[in-house]
Each structure stands twice: as C-alpha cells, then as structure tokens.
Amino acid sequence: MERALLVSIKLESENDNWLMQDVAGELEELAKTSGVEVWDNITCVCERPTPNFFIGKGKTQELALISQEENIDVLIFSHDLSSTQQRNLEEVIAKKIIDRTQLILDIFARHALTPTGKLQVELAQLQYLLPRLTGKGIVLSRLGGGIGTSGPGEKELEMDRRRIRHKIDTLKKELQNVALHRMTIKKKRKGYKLPSIALVGYTSAGKSTLINSLTLSCQKISDGLFTTLDPLSKQLKLPNGENVIISDTVGFLHNLPHHLIEAFKATLEEVIEADILIHVLDASSPLLKEHARAVFDVLKQLGVEQKPIITALNKADLLTDEFWLNDLKEGFSHPICISAKFKNNLDALLKTIQEFFESRMVDAQVAISHSRMYLVDLFHREGKVKDIKYLQKEVQIQVSLPKTLYNKLLQNQEISLLR
C-alpha cells in the first residue's frame with residue numbers, strides 16, 4: 001500500500017462556503033477510497049495559485065523535506081494542477097504527484113465494471129495524460145504501479161503523443177458505436193417502455209442504500225466515495241401496483257471537471273432519459289446546501305435541470321431537532337425526510353412518486369381486435385385495468401394508461417376509443 005501525504009489547499013479567491021476542514025475532509029475520503037495509506041493531511045491557505053507550483057516555493061520545499069524524511073510515496077493535491085505545475089513539483093519533491101482529477105479517475109478505474117464504463121475511464125485518463133506526457137520527469141517512470149496508474153496501464157503512458165491521440169480517437173469511435181447501439185435498442189422499446197426514475201445526488205449521500213430499501217435488492221454498499229460508477233436499474237412497484245424503473249447513478253462532486261462529465265455521459269444516460277429525478281441529499285451533512293448546489297451544477301451541464309425533481313432528505317434519523325429538519329426543507333422541490341438505512345418514511349416517498357405518475361395517466365375505454373391480444377398483457381403491465389369484456393369481434397377494456405403510451409397506441413391505430 002502506498003504511503004500518501006495529502007495537500008489540502010483553500011484558495012481565498014474561491015467563492016464558496018467550503019471551509020479548510022471541509023476541503024481536507026473530502027480529500028481524505030477520496031484518498032482512502034483509492035486505497036492509499038494516508039500518513040498526514042497538510043493544509044495551507046493561498047490567495048491564488050502560483051504559476052510554477054500552485055503553492056508557494058517555500059511550502060514546496062517543506063513538502064520535499066517531509067516526503068524524504070517520512071518515506072512518502074505519493075503526494076495528493078486537493079486541486080487540479082497544470083502540466084507545468086505538476087512537472088515542477090515532481091522535480092523539486094522527487095515524488096509522484098497526483099491532483100484531484102487524477103485521483104477521481106483512479107477511483108473510477110477501480111469501480112468500473114462494465115465494458116462501457118471501462119472505455120469511458122480509459123478515454124478520460126488518456127485525455128488527462130496527453131498534455132502531461134513531456135518525455136521527462138517522474139510522470140513517465142511510474143513502473144511501481146499504485147495510485148494514478150489504474151486503467152490504461154504503464155505501456156499506454158509511454159506512448160508518444162501521436163499514438164495516444166490515435167488511441168483517443170479509437171475509444172471515441174467505440175463509445176459512439178455503443179451509443180448508437182443503445183439508441184437503436186431504445187427506439188425499439190420507446191413506445192412501450194416503463195416510466196423511469198433516476199437517483200441523483202452527491203457521492204455518499206445514500207443512493208445505493210435507498211435503491212436497496214425500495215426494491216429489496218443487494219447493491220453493494222460502501223462508506224467510500226464513487227462506489228457506484230456503472231448505473232444499476234431495478235423494477236419498482238408503486239402502491240397502486242404500477243411498475244416503474246428506478247436507476248442508481250454515479251455520485252456527483254463539487255467542482256467536477258466539465259470534461260469528466262462529457263466523458264461519462266453514457267454513464268449518466270439514465271439521468272437524461274428519466275421521467276423524474278429523485279435528488280438524494282445527506283440531511284445530516286453541514287454542507288447540505290453546498291452539496292445540493294454541486295448536484296444542480298452537473299444537472300445544468302447535462303441540460304436536465306428542468307426535469308421534475310423529488311428531494312429525498314436522507315439520514316434524517318441522525319437529526320434530533322424537528323424544527324431544524326423543517327427548515328432544511330426550504331428551497332427544495334417536493335422535500336421528503338427519510339432514512340434509507342432504516343426504511344423510515346419510504347411510504348411517503350413512494351406515494352409522492354405515484355402521485356407524479358398518476359398525474360400523467362389518462363382513463364379511457366378502448367377496443368382492440370383479437371389479433372392484438374398482446375395489448376391486454378401490456379395494459380396490465382404498464383397501466384391499471386379496471387374492467388375487461390371479451391366479445392365476439394373485439395375486446396373492450398376500461399383502463400388507466402400513461403399518456404405517452406396512450407397517445408402512441410392511438411397514433412399507431414392499435415386501439416380505438418369507445419364512445
């Protein structure tokens with residue numbers, strides 16, 4: 001296990017409510033999730049980044065001395081570094097330097113399970129590494145493995161720029177082919193697909209625990225960050241018997257680089273396609289407002305901030321002040337206090353989901369021919385059949401259906417209305 005020294009930096013020019021201890025705490029969580037041994041977490045406040053080292057020259061020399069004395073393997077910075085800053089730091093400190101984006105990508109590489117997820121990680125890592133392949137420095141001689149080398153592997157890092165650009169182009173084409181294939185499948189299913197819900201939220205807010213509690217599934221739960229990278233979809237039965245699809249997605253993070261969001265759009269596809277979003281927030285976190293803002297920043301980048309949103313204020317069991325809990329609800333869309341772990345108030349959450357979908361239902365009396373008996377099963381599966389009569393020439397059904405499905409069937413002339 002690598003021995004890591006964390007460098008948590010708070011810039012005075014940053015316009016947010018994150019305190020020094022918050023920056024340091026999140027970096028430590030990320031580092032532990034990546035599998036390193038955290039020796040210490042050194043904090044420093046800077047007015048603005050310096051062009052050569054990001055931090056001051058004196059602080060850089062101090063880190064070099066500590067790293068040699070304590071036999072540190074890697075230094076992990078809480079902010080992104082330019083290729084020049086990273087190279088200069090490695091030359092002075094003579095240790096491997098990892099910045100925030102590289103740390104996140106390393107965690108993604110460890111948690112990507114599907115072929116698509118692995119392709120996205122490899123593409124993002126190579127795009128990150130390309131401007132840093134200068135032909136000298138420690139960045140090209142990381143033969144010992146460890147953090148920062150998961151994914152493409154050492155051979156990829158030693159490619160020349162032309163070969164890496166060719167690899168990036170190849171990966172982009174592969175992902176485009178995957179997207180086209182999935183789009184083709186979706187078009188075939190689009191007319192009769194189940195309504196869908198996507199869980200979104202800050203990493204470690206409890207999304208996986210919630211989907212387990214709602215669907216009685218066994219999604220892996222961990223205290224680490226980004227334990228869910230590849231989306232997981234399950235069928236959920238609402239109190240009225242209607243079935244919907246609910247999907248767990250990758251957690252968000254504050255200041256998540258835009259190029260990472262672009263690279264992982266296939267992973268976030270469920271968010272884009274969902275009919276409704278459930279925003280899971282850790283109600284016990286003092287950074288609740290900041291976490292919510294980070295989530296909405298990502299939703300805006302995806303262009304889905306206008307979708308209907310239910311806010312699940314999770315971990316409410318950790319709060320004892322009911323007045324404070326009520327204050328937390330201010331400013332959120334359809335807020336519901338829950339405990340996913342102890343399954344508290346999940347019935348209210350399900351009821352709210354049901355009310356949303358019921359508002360999109362239409363009651364109708366329709367007739368279908370005997371050659372379209374498959375629609376009877378579809379009505380039972382996707383809607384609510386209230387009455388059915390099997391006649392000699394047709395089947396007459398009184399049913400409540402999602403408006404999108406109802407309009408699709410009418411347009412395709414698969415059903416006729418009874419007056």
Side-chain angles (χ1 to χ4, degrees), residues 186 189-202 205-217 231-249 252 268-281 283 292 295-296 298-300 302-314 316 326 328-340 343-364 378-386 399-410:
K186 282 187 176 182
R189 297 177 178 173
K190 191 173 182 181
Y192 310 126
K193 74 180 184 72
L194 288 174
S196 60
I197 303 166
L199 301 180
V200 298
Y202 207 80
K207 299 185 302 300
S208 296
T209 303
L210 180 57
I211 199 171
N212 280 351
S213 296
L214 288 174
T215 65
L216 303 179
S217 54
L232 171 78
S233 296
K234 293 287 183 179
Q235 189 164 296
L236 171 66
K237 187 179 286 292
L238 299 179
N240 64 357
E242 182 183 359
N243 290 316
V244 299
I245 297 297
I246 185 168
S247 300
D248 189 10
T249 60
F252 299 158
L268 296 167
E269 197 174 61
E270 302 299 333
V271 177
I272 298 170
E273 296 291 333
D275 297 301
I276 185 173
L277 305 179
I278 297 181
H279 180 192
V280 184
L281 271 168
V295 170
F296 277 101
V298 177
L299 294 181
K300 286 179 182 178
L302 293 173
V304 297
E305 72 275 14
Q306 298 301 323
K307 280 185 180 286
I309 296 177
I310 297 173
T311 307
L313 294 165
N314 191 28
N326 289 330
L328 288 180
K329 296 180 180 180
E330 293 295 325
F332 290 118
S333 173
H334 305 290
I336 301 170
C337 297
I338 66 166
S339 171
K343 301 183 180 180
N344 294 342
N345 213 28
L346 295 189
D347 53 341
L349 177 61
L350 288 171
K351 182 181 179 183
T352 303
I353 296 171
Q354 177 179 297
E355 288 172 351
F356 167 80
F357 285 115
E358 282 179 344
S359 68
R360 303 176 62 197
M361 302 289 280
V362 57
D363 291 326
L378 176 69
F379 291 165
H380 280 288
R381 189 173 68 249
E382 308 288 347
K384 187 174 182 181
V385 176
K386 301 175 182 178
V399 64
S400 180
L401 289 173
K403 290 178 182 177
T404 52
L405 174 58
Y406 173 76
N407 292 332
K408 186 77 174 180
L409 293 172
L410 276 179

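When reading the values below, keep in mind they use all heavy atoms of this one structure, side chains included, and skip hydrogens, waters and symmetry mates.
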* Structure fact -> Hits for side chain to side chain donor-acceptor pair (under 3.5 Å) against Glu305, two or more places apart or cross-chain, chain-then-number order -> none
* Please name all residues satisfying side chain to side chain donor-acceptor pair (under 3.5 Å) with Thr215, sequence neighbours left out, ordered by chain then number. => Ser217
Identify the heavy atoms of [X] and [Y] that sit nearest to each other, and give their distance.
X: Gly201; Y: His279; value: CA-CD2, 4.0 Å
X: Ile336; Y: Ala348; value: CD1-O, 3.9 Å
X: Ile276; Y: Pro308; value: CG1-O, 3.4 Å
X: Ser400; Y: Met361; value: O-CE, 3.4 Å
X: Tyr202; Y: Lys207; value: O-NZ, 3.7 Å
X: Ser196; Y: Asp275; value: N-OD2, 2.8 Å

* Taking side chain to side chain contact (heavy atoms under 4.5 Å, CB included) as the test, write out the residues that go with Ala283, two or more places apart. => Leu288, Leu313, Leu319, Leu328
* Considering residues at least two apart in sequence or located in another chain, which fulfil the side chain to side chain contact (heavy atoms under 4.5 Å, CB included) criterion with Lys343? -> Ser213, Leu216, Leu346
Whether [X] side chain and [Y] backbone form a donor-acceptor pair below 3.5 Å:
X: Asn345; Y: Cys337; result: yes
X: Lys307; Y: Ile272; result: yes
X: Asn314; Y: Val280; result: no
X: Thr311; Y: Ser333; result: yes

* Asked: Taking only residues two or more places apart in sequence or in another chain, which ones pass salt bridge (Lys or Arg N to Asp or Glu O under 4.0 Å) with Asp363?
  -> Lys386
* Partners passing salt bridge (Lys or Arg N to Asp or Glu O under 4.0 Å) against Lys329 (at least two apart in sequence or in another chain) -> none
[X] side chain near [Y] side chain, heavy-atom distance below 4.5 Å:
X: Val399; Y: Tyr406; value: no
X: Leu349; Y: Leu210; value: yes
X: Asn240; Y: Phe357; value: no
X: Leu378; Y: Leu405; value: yes
X: Ile309; Y: Leu299; value: yes
X: Phe379; Y: Leu409; value: yes
X: Ile353; Y: Ile278; value: yes

What's the spacing between [X] [atom1] and [Y] [atom2] if we round to 0.5 Å?
X: Lys300; Y: Gln306; atom1: NZ; atom2: CD; result: 9.0 Å
X: Leu236; Y: Gln354; atom1: CG; atom2: CD; result: 10.5 Å
X: Ser233; Y: Ile245; atom1: OG; atom2: CD1; result: 6.5 Å
X: Ile338; Y: Leu214; atom1: CD1; atom2: CG; result: 7.5 Å

* Sort out for me which residue in Leu302, Val271, Val298 forms a side chain to side chain contact (heavy atoms under 4.5 Å, CB included) with Val200. => Val271
* Atom NZ of Lys384 with >12 non-hydrogen neighbours under 6.0 angstrom -> no
